[in-house]
Amino acid sequence: MSKKRLLIEYKRNIKSIIKCAKNTGLTDEQIDGIVRESFSEFKAKSHQNVFKSSILKISIVVLLSLSVFMYVLLNVHTPTSSVVLRNVQGLTYPALKFIRILAVPIIKLFPSVTDLHDESCLIENPYFYLSDLDCSPCENVYNVIDLTGVEGINAYKKVFEGVPFIIKTNQPEVSFKDLQQLYKNYTAELASDSSRLQTRNLDVNSIKDVLSLDEHALSPNVHIQWRVNKMAAARIIRKVFSRPHFFLERTGQAVEHFLHVDGANAEPYSLPNPECSYVFIIQGSGERTIALKPPRECAKHCKAISVHMEPAYVLLYNWWYWRPVSLPGSVYPNLSISYMNSYC
């Protein structure tokens, strides 16, 4: 409503109020007195609001000024910084202990909060961009090299150079029934890490719900991602997905693991970037096509490539230079089960 219309509506309401007041027997002087009194109350409230707003602004300015002053004093003035550190260090442990005591009731109300302790990063920055990334490692890569049968493979050097490759290993086939049996044998250990689940075309809440289903009941479009982030569960998963034979014994694998179960027609999806930059994917059963796309930093210099993953094959790549997308295959009609891990 425009200001003109509001003013007309305001005048009409005033006239209606005056008319009602006269009908009750009030004189013009009494009506004027009531109007002035109402406006005086309104003016008083306006002054109070202005005063409160001014006090709030002044408080914010003073607080910011004190914060800047303290920051400069503690970081620039070395004698003050030394005195504060000497006196504060002794209070660090008691303060943390007090915070821990305060947190106990919250943890009892929300037990799942303790899972955050295992996270290396709570929120990933979607706008992360490395402006000075050297794209030369992926510039001259036009396909994924198959190094099956090649002796003395230096996986570290190849992946560090940005060259993705695949190798066929002696990895036994891992079926859906194998995962069901593994969960049955180690229920207690795996159940503690069973809630980190993402699914598509499947209404479940945990890996227990997934593995209680019949394999033939799963839709061809189903997609399941199980993220394992605890040491006990990770050790058990490695019982069916063993370390690739060409890895050195001192290879330090990350605790974070991913299991992907995909139907034959599962829609394409981006694979996550794990903790370490050197990534390997083991195809346990079924098939998938992995498209490796260069990051946006190298989009002008490097080309996208792809590789067809069959059982027992291992794909290795460096996620600084390649961002993988999993696509459906075309040969095997059964479920695709793959394992993803990284090493530093």
Side-chain angles (χ1 to χ4, degrees), residues 115 118-120 169 171-215 217-244 253-264 266-276 279-290 309-317 319 324-329 332 334-343:
D115 290 341
D118 300 309
E119 299 294 335
S120 58
T169 65
Q171 167 68 43
E173 184 172 343
V174 180
S175 65
F176 192 74
K177 289 183 179 179
D178 293 330
L179 295 181
Q180 288 176 320
Q181 187 61 45
L182 186 73
Y183 189 84
K184 183 179 179 181
N185 295 340
Y186 301 97
T187 303
E189 294 86 348
L190 295 177
S192 63
D193 211 17
S194 67
S195 60
R196 294 182 172 94
L197 201 71
Q198 294 181 13
T199 62
R200 188 187 297 163
N201 299 318
L202 192 64
D203 186 18
V204 293
N205 297 316
S206 68
I207 195 65
K208 178 182 178 182
D209 299 333
V210 172
L211 298 178
S212 63
L213 299 172
D214 185 83
E215 179 180 352
L218 296 175
S219 165
N221 299 318
V222 71
H223 164 62
I224 302 164
Q225 176 181 285
W226 182 26
R227 178 171 173 263
V228 176
N229 201 33
K230 291 185 179 179
M231 188 66 73
R235 281 198 295 264
I236 293 166
I237 299 298
R238 290 175 188 164
K239 291 180 181 293
V240 291
F241 287 100
S242 55
R243 177 201 301 262
Q253 296 184 39
V255 176
E256 183 185 50
H257 299 59
F258 293 90
L259 267 179
H260 293 105
V261 179
D262 298 294
E267 296 178 4
Y269 60 90
S270 297
L271 292 171
N273 293 331
E275 293 178 6
C276 298
V279 188
F280 66 94
I281 300 173
I282 303 175
Q283 190 67 26
S285 61
E287 61 163 355
R288 291 293 283 181
T289 296
I290 305 296
M309 295 290 291
E310 295 184 354
Y313 272 90
V314 179
L315 168 66
L316 293 96
Y317 65 90
W319 71 254
V325 176
S326 181
L327 305 140
Y332 293 92
N334 56 322
L335 287 175
S336 164
I337 299 176
S338 59
Y339 166 80
M340 181 181 187
N341 195 5
S342 61
Y343 61 94

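Computed from a predicted model, the values in this text were never measured in an experiment.
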Handout entry: Heavy-atom closest pair, residues Val174 and Val240
Key = CG2-O, 3.5 Å
Practice task
Sequence neighbours left out, what passes side chain to side chain contact (heavy atoms under 4.5 Å, CB included) with Asp209? Give chain and number order.
Solution key: Val204, Asn205, Ser206
Problem - For Tyr317 against Pro324, the heavy-atom pair lying closest together - result: OH-CG, 3.1 Å
Problem - Set of residues satisfying side chain to side chain contact (heavy atoms under 4.5 Å, CB included) with respect to Ser342, sequence neighbours excluded - result: Ala254, Pro274, Cys276, Val279
Problem - Side-chain (Ser326) to main-chain (Tyr269) donor-acceptor, under 3.5 angstrom - result: no
Exercise for the section: Evaluate the side chain to side chain contact (heavy atoms under 4.5 Å, CB included) criterion for residues Val261 and Glu215: first the C-alpha distance (whole Å), next the side-chain angles of each, then the deciding distance (0.1 Å), finally the verdict. Expected result: CA-CA 11 Å; Val261 179; Glu215 179 180 352; over 6 Å; no
Problem - Nearest heavy atoms of Gly263 and Leu335, plus distance in Å - result: CA-CD2, 3.8 Å
Exercise for the section: Would you check if Leu202 and Ile224 make a side-chain contact, meaning some heavy-atom pair closer than 4.5 Å? Expected result: yes
Completion exercise
Tightest non-hydrogen contact, residues Ser175 and Ser285, listed as CA-OG, 4.2 Å
Handout entry: Ser338 OG to Leu315 CG distance, which is reported to the nearest 0.5 Å
Key = 10.5 Å
Completion exercise
Rounded to the nearest 0.5 Å, the CD1 atom of Ile237 sits from the OG atom of Ser242 at a distance of 13.0 Å
Completion exercise
The reported gap from CG in Leu316 to OH in Tyr343 (rounded to nearest 0.5 angstrom) is 5.0 Å
Handout entry: pair Leu259-Leu179: side-chain heavy atoms closer than 4.5 Å
Key = yes
Completion exercise
Here the gap from Ile282 atom CD1 to Asn341 atom CG, rounded to the nearest 0.5 Å, amounts to 8.0 Å
Exercise for the section: Determine, step by step, whether Val222 and Thr199 satisfy the side chain to side chain contact (heavy atoms under 4.5 Å, CB included) criterion, reporting the C-alpha distance in whole Å, the side-chain angles of both residues, the deciding distance to 0.1 Å, and the verdict. Expected result: CA-CA 7 Å; Val222 71; Thr199 62; over 6 Å; no
Completion exercise
Between Ile337 and Phe176 the two heavy atoms that sit nearest each other are CD1-N, 3.4 Å
Exercise for the section: Taking the side chain as every heavy atom from C-beta outward, state whether Leu190 and Val228 have any atom pair closer than 4.5 Å. Expected result: no
Exercise for the section: Applying side chain to side chain donor-acceptor pair (under 3.5 Å) between Ser336 and each of Glu287, Arg288, Gln283, report the one that passes. Expected result: Gln283
Exercise for the section: Drop me the distance from Ile290's CD1 to Ile281's CD1, to the nearest 0.5 angstrom. Expected result: 5.0 Å
Practice task
Would you please classify the geometry between the His260 ring and the His223 ring as parallel, tilted or perpendicular, with 30° and 60° separating the classes?
Solution key: parallel
Exercise for the section: Take Gln198 and Arg227 through the test side chain to side chain contact (heavy atoms under 4.5 Å, CB included) and record every step on the way to the result. Expected result: CA-CA 8 Å; Gln198 294 181 13; Arg227 178 171 173 263; over 6 Å; no
Handout entry: Heavy-atom pair of closest approach, residues Pro311 and Gly286
Key = CD-O, 3.2 Å
Handout entry: Under 3.5 Å: donor-acceptor pair, side chain of Gln180, backbone of Leu213
Key = yes
Exercise for the section: Would you mind reporting whether Val314 and Gln171 have side-chain heavy atoms less than 4.5 Å apart? Expected result: no
Fill in the blank from the handout: Rounded to the nearest 0.5 angstrom, the CD-CG distance for Glu256 and Asn273 is 10.0 Å
